[in-house]
2 protein chains.
Amino acid sequence: MAESTETIFEQFPGGVFPAACSSRVLLDHVMSKWGVLVLVSLTDGPQRWSDLRRRAQGISEKMLAQTLRTLEADGLVHREQQPVMPPRVDYSLTPLGEELAEVLVPLLRWVGRNADAIIGPATS
Amino acid sequence: MAESTETIFEQFPGGVFPAACSSRVLLDHVMSKWGVLVLVSLTDGPQRWSDLRRRAQGISEKMLAQTLRTLEADGLVHREQQPVMPPRVDYSLTPLGEELAEVLVPLLRWVGRNADAIIGPATS
DNA sequence: CCGTATCCCATTAGATACTG
DNA sequence: CAGTATCTAATGGGATACGG
């Protein structure tokens, strides 16, 4: 799993990714506005629906549902429903999801470190 | 610049990122469909408009222009116009952009490695 | 060759209401 | 608590045409 020294262009000759390939599809799932935030939220351990709504501040119920369904279908997130009343559902990262999170977190950290300097502290 | 061992939640208590903060804005620029591909394309060195169109396969002229303007305004991409006829313009990563690319490339590599298994080799 | 401007459609995302 | 359904507004993105 060690990263090689070749450029990403040697890994993927002829463009970053071909136009209509699986990588583009997965990239869009992962890099989606809410996909990133949900995945990174789950690095803190299994969480319930309402936890995720609090962590990914601003997400609507519709987008949370949609995002979770996509990530679950991709095998990145595991959904565990417990047949109790009131209902309780826990979401967690699969091993694959953990792997992804490991490369995602450094990116989030970098963004967090540099955003104020780049965008400005106030909302723009 | 060494990564600490604290979780990203200690770095950003109370949610992954606040709802309306500079980090969310920058994240949206960087994680945009084309922003990622343009930034990673430029890790191969300075490139011209037509090079970028070829590298980021499928991008329209409109979106290339829009993406480049955003990334330039964010100080991630440098634009160098040479006053010749026909016009020649080179785009390159700024030091800040190089820094970002360093955390972006591992993500792209991971996506490239796993996309076929997750999404399926054919276009879905 | 390197763009800009305009129009238009498809997708995304928010608000609201409702259910087991 | 954990969602689904529907409707609408905002945005993203493609096609085309044009200009330096």
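Protein chains get the first letters and strands the later ones, always in sequence-line order, with residue 1 at the start of each.
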Of the nucleotides [options], which has the atom closest to the [X] side chain?
| X | options | result |
| --- | --- | --- |
| A/A65 | D/dG13, D/dT4, C/dC1 | D/dT4 |
| B/S60 | D/dG14, C/dG14, D/dC1 | D/dG14 |
| B/P86 | C/dC1, C/dA13, D/dA2 | C/dC1 |
| B/K62 | D/dA15, D/dG3, D/dC1 | D/dA15 |
| B/V89 | D/dG13, C/dG3, D/dA2 | C/dG3 |
| B/E61 | C/dG3, D/dT4, D/dA2 | C/dG3 |
| B/W49 | C/dC2, C/dG14, D/dA2 | C/dC2 |
| A/Y91 | D/dA2, D/dG14, D/dG3 | D/dG3 |

Taking atom [atom2] of [N] as reference, at what distance in whole Å does atom [atom1] of [X] sit?
| X | N | atom1 | atom2 | answer |
| --- | --- | --- | --- | --- |
| A/R69 | D/dA5 | CZ | C1' | 11 Å |
| A/R53 | C/dG14 | CZ | P | 10 Å |
| A/M63 | D/dA5 | CE | P | 16 Å |
| A/E80 | D/dG3 | CD | P | 13 Å |
| A/D28 | D/dG12 | CG | P | 14 Å |
| B/K33 | D/dT11 | NZ | C1' | 14 Å |
| B/R24 | D/dT11 | CZ | P | 16 Å |
| B/I59 | D/dA15 | CD1 | C1' | 15 Å |

Is there a side-chain contact between B/D90 and B/Q82 in this structure, where contact means two heavy atoms from C-beta onward sitting under 4.5 Å apart?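 Yes, close enough: below the 4.5 Å cut-off.
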
May I ask you to say what B/R79 touches in the nucleic acid, namely base, sugar-phosphate or nothing, with a heavy-atom cut-off under 4.0 Å?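 Sugar-phosphate, backbone atoms only, no base.
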
Please classify the nucleic acid contact of B/S50 as base, sugar-phosphate, or nothing, using heavy-atom distances under 4.0 Å.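 Sugar-phosphate contact only.
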
Can you tell which of A/L104, A/V105, A/L108 makes a side chain to side chain contact (heavy atoms under 4.5 Å, CB included) with A/L39?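 By the side chain to side chain contact (heavy atoms under 4.5 Å, CB included) criterion, A/L39 pairs with just one of A/L104, A/V105, A/L108: A/L104.
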
If you pin B/P87 and A/R88 to their nearest nucleotides in DNA chain D, which one's is more 5'?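 On the 5' side of the pair lies A/R88.
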
Audit row: B/R53, B/D51, salt bridge (charged side-chain N to carboxylate O under 4.0 Å, His left out) steps and yes/no: CA-CA 5 Å; B/R53 280 217 69 185; B/D51 295 330; over 6 Å; no

Row check, B/F9 ring normal vs A/R55 NZ/CZ: under 6.0 Å, within 45°: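 Positive - A/R55 is close enough to the ring of B/F9 and near enough to its axis.
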
